[in-house]
Amino acid sequence: SAAVSVCKMDSVCCVELLRFIGTCSDIVLGLCKVAADACSLQQPPLWSASNPHDMKEVGAVYLGGASQLCSGGNDGRVKFWDITAAARKASSSILVSSHAWVRHIEHCPTVGLHIIAHSDGLSLVDPRSKIAVHALKDQGQAYRSFALAAIGGPPSMLVCAGHRLLHYDFRSLADVGGSTPHLNAWEFKSNALGLHCCALAGPTDDARSFYIAAGCKDGSIWSAAISA
């Protein structure tokens with residue numbers, strides 16, 4: 001029942017925890033249990049909803065615990081689903097940016113916010129009030145994000161924004177419509193589409209060092225160790 005983050009890539013989903021998985025397509029949103037072979041899904045799904053975004057493509061799914069599923073579509077809307085409810089309808093929704101493509105959803109427990117990466121930038125949403133409290137819309141399209149705070153790091157996050165990887169401190173985030181300076185930036189030759197990060201621990205690595213890998217549209221992979 002731990003939270004998993006899922007991103008849709010055609011008919012294949014990438015997951016970070018393999019007990020339960022949220023699945024998505026243009027017409028069905030579902031929750032499945034991973035089979036014992038760890039290579040397939042048990043059928044039928046534990047829960048499913050038809051036409052979750054009114055025939056709009058679903059590009060991101062996040063499973064936030066035992067009862068809540070979040071989905072993002074190419075209509076710029078994030079929907080919240082109570083998978084324990086009898087009705088197969090979204091319990092609430094928020095428009096993060098008109099006509100934007102939502103590409104990635106994750107949660108940062110340190111600040112208690114959902115991080116929504118989309119084609120107009122990045123939005124941080126309070127999952128309790130369903131209100132966007134911060135927005136980054138001056139750095140290009142956001143494809144992926146990673147909250148370092150979620151793996152024992154400082155209250156900061158990494159964002160794949162167009163050809164750049166940007167490092168932001170949560171404490172310096174501006175209100176919606178404001179401008180936020182970044183701590184660090186790395187430039188690539190093409191759009192950064194994938195991002196992975198892990199904490200380094202060893203004889204020569206302190207607990208605040210992290211290994212970052214970013215995958216770009218041209219097929220290249222960039223990696224580095226940083227201190228944060």
Side-chain angles (χ1 to χ4, degrees), residues 1-36 38 40-120 122-135 142 144-147 149-150 176:
S1 60
V4 307
S5 177
V6 184
C7 62
K8 176 175 173 288
M9 299 186 301
D10 295 325
S11 60
V12 181
C13 289
C14 283
V15 295
E16 285 141 15
L17 290 176
L18 295 178
R19 186 176 178 186
F20 297 99
I21 181 172
T23 61
C24 57
S25 68
D26 294 357
I27 57 174
V28 178
L29 180 68
L31 175 66
C32 298
K33 188 173 183 179
V34 177
S40 59
L41 302 178
Q42 293 184 5
Q43 296 295 330
L46 300 174
W47 176 92
S48 64
S50 300
N51 193 17
H53 281 255
D54 303 318
M55 297 309 295
K56 301 293 185 180
E57 183 176 351
V58 181
V61 181
Y62 173 78
L63 177 59
S67 63
Q68 189 178 85
L69 194 69
C70 299
S71 61
N74 67 357
D75 52 358
R77 189 169 294 278
V78 173
K79 292 189 176 185
F80 299 83
W81 307 81
D82 183 353
I83 59 179
T84 63
R88 302 299 174 96
K89 295 182 179 181
S91 57
S92 59
S93 68
I94 179 174
L95 183 66
V96 294
S97 188
S98 297
H99 309 299
W101 289 66
V102 177
R103 295 192 172 104
H104 180 64
I105 303 171
E106 67 168 318
H107 180 75
C108 180
T110 303
V111 295
L113 298 174
H114 283 358
I115 305 171
I116 317 295
H118 52 79
S119 56
D120 285 341
L122 197 81
S123 298
L124 278 74
V125 173
D126 186 333
R128 294 158 296 184
S129 65
K130 311 299 189 293
I131 295 175
V133 296
H134 303 293
R144 191 80 172 176
S145 64
F146 194 100
V176 173

(request) State, with a plain yes or no, whether a side-chain heavy atom of Q68 is found less than 4.5 Å away from one of D82. (result) no
(message) Given 3.5 Å as the limit, does a donor-acceptor pair link the side chain of S145 with the main chain of A117, or not?
(response) no
(message) Quick check for you: to the nearest 0.5 Å, what is the distance between E106 atom CD and R144 atom CZ?
(response) 7.5 Å
(message) Using every non-hydrogen atom in the two residues, find where I94 and A132 come nearest and quote the distance to one decimal.
(response) CD1-N, 3.4 Å
(message) Nearest 0.5 angstrom please: K130 NZ to S91 OG, how far?
(response) 6.0 Å
(message) S123 vs H134, test: side-chain hydrogen bond (donor to acceptor under 3.5 Å, both in side chains). Steps then yes/no.
(response) CA-CA 6 Å; S123 298; H134 303 293; over 6 Å; no
(request) Using a 4.5 Å cut-off on heavy atoms from C-beta on, say whether the side chain of H53 contacts that of M55. (result) no
(message) Using 0.5 Å steps for rounding, measure from the CD1 atom of I83 to the CG atom of L31.
(response) 4.5 Å
(message) Testing V102, L95, D54 one by one against R77 for a side chain to side chain contact (heavy atoms under 4.5 Å, CB included), which residue passes?
(response) L95
(message) Less than 4.5 Å apart, side chain to side chain, heavy atoms only: is that true for H114 and F80?
(response) yes
(message) Just so I know, are the side chains of L69 and W47 near enough to count as touching, which here means a heavy-atom distance under 4.5 Å?
(response) yes
(message) I want to check something: taking the side chain as every heavy atom from C-beta on, are Q42 and C32 in contact at a cut-off of under 4.5 Å?
(response) no
(message) In the structure I gave you, are the side-chain heavy atoms of V61 and L29 within less than 4.5 Å of one another anywhere?
(response) yes
(message) Test of understanding: with side-chain hydrogen bond (donor to acceptor under 3.5 Å, both in side chains), list the residues that count as partners of N74, not counting sequence neighbours.
(response) none
(message) Looking only at the side chains, is there a donor atom on one of S71 and W81 sitting less than 3.5 Å from an acceptor on the other?
(response) yes
(message) For R103 and S119: C-alpha separation, side-chain torsions, deciding distance, then whether side-chain contact (heavy atoms from CB on, under 4.5 Å) applies.
(response) CA-CA 8 Å; R103 295 192 172 104; S119 56; 3.5 Å; yes
(request) Kindly give the heavy-atom pair with the smallest separation between G112 and R128, and that separation in Å. (result) O-NH2, 4.1 Å
(request) Please round to the nearest 0.5 Å and tell me the distance separating atom CG of L46 and atom NZ of K33. (result) 7.5 Å
(message) Which heavy atom of S48 sits nearest to which heavy atom of V28, and what is that distance?
(response) CB-CG1, 4.2 Å
(message) Please report the interatomic distance NZ(K79) to SG(C70), rounded to the nearest 0.5 Å.
(response) 12.5 Å
(request) Can you measure from CD1 (I131) to CG (L124) and round to the nearest 0.5 angstrom? (result) 14.0 Å
(message) So, applying side chain to side chain contact (heavy atoms under 4.5 Å, CB included) with L122, which one of V96, I115, I116 is it?
(response) I115
(request) For H107 and L113, work out which heavy atoms get closest and say how close. (result) ND1-O, 3.3 Å
(request) Could you check if a side-chain atom of P52 sits within less than 4.5 angstrom of a side-chain atom of V58, using non-hydrogen atoms only? (result) yes
